[in-house]
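For reference, the structure discussed in these notes is given below.
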Amino acid sequence: MALIPLRRPLTLKPSAKVAPQAASAGALQHRRKKAAREQNVVTATVVLVVGSLALIGGISAASMLQTSNAQTAIVGSFGAVHTQQRDFRVINQRFATWSELKASGMSLPEAQSVVTSNADASHWFLSIRDREAGVVCDGIGALNDEAVGVRPPVCRPTSE
């Protein structure tokens, strides 16, 4: 049996070999650019979301700190009012309204103002607003309150 010579493999012309590679290289480069653009969009979106959350968190923390500082200052004012009320009661046998305390020299810090005041022979009530923090605290006192802070004020945010 005689061997049949095998046919030579087909050889492509040089231009035919380069053309498919060039076409696939161009498509590959296009896909890489598109993927890079998509990655940049995703990265920018993530950075914006994280930055926004950090900003909101910072604002919230600053607001909470301002509210906490305002409440601490108002509690201090209530301590001074308690002392003044005790002294006023010893002299007058009753508690004072805010206007009477103010006439006797009592004052509040600049950021605070009195919203409501009431007093009788056995109790006093005072509502103080911190205008900068938007907090209102209500405090009461009674005959049997020997020490400051027996009845801590109740605070709430204002809608103004």
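Since we're looking at a predicted model, the values are computed, not measured.
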Spatial distance of atom [atom1] ([X]) from atom [atom2] ([Y]) [nearest 0.5 Å]:
X     : Y      : atom1 : atom2 : result
Ile74 : Leu126 : CD1   : CG    : 10.0 Å
Gln84 : Ser104 : CD    : OG    : 5.0 Å
Met64 : Ile59  : CE    : CD1   : 13.0 Å

Could you work out, with side chain to side chain donor-acceptor pair (under 3.5 Å) as the rule, every residue matching [X], not counting sequence neighbours?
X      : value
Arg31  : none
Ser113 : Arg131
Glu100 : Arg94, Thr97
Ser77  : Gln112

Which atoms form the tightest heavy-atom contact between [X] and [Y], and what is the distance?
X      : Y      : answer
Asp120 : Ser122 : OD1-N, 2.9 Å
Val75  : Pro153 : CG2-CG, 3.7 Å
Thr158 : Val136 : CG2-CG2, 2.8 Å
Gln71  : Cys137 : CG-SG, 4.4 Å
Ile128 : Val115 : C-CG2, 4.4 Å
Asp138 : Phe78  : C-CZ, 3.9 Å

Verify the cluster assignment for [X] and [Y]: are they in a single hydrophobic cluster under the rule of side-chain heavy atoms below 4.5 Å apart?
X      : Y      : value
Val81  : Leu143 : yes
Trp98  : Phe88  : no
Val114 : Phe95  : yes

Donor-acceptor pair, distance only, cut-off 3.5 Å: does the side chain of [X] make one with the backbone of [Y]?
X      : Y      : result
Ser127 : Thr116 : no
Thr72  : Ser68  : yes
Gln85  : Ala96  : yes

* Test side-chain contact (heavy atoms from CB on, under 4.5 Å) applied to Ile140 and Trp124, step by step -> CA-CA 5 Å; Ile140 60 171; Trp124 59 267; 5.8 Å; no
* State, yes or no, whether a side-chain contact exists between Asp87 and Ile91 at a heavy-atom distance under 4.5 Å. => no
* Asked: With sequence neighbours excluded, what pairs up with Ala142 under the side chain to side chain contact (heavy atoms under 4.5 Å, CB included) test?
  -> His123, Asn144, Asp145, Arg151
Output side-chain donor-acceptor pairs under 3.5 Å for residues 32-47, partner residues at least two apart or in another chain, one line each.
from	atom 1	to	atom 2	distance (Å)
Asn40	ND2	Ala36	O	3.4
Thr43	OG1	Gln39	O	2.8
Thr45	OG1	Val41	O	2.8

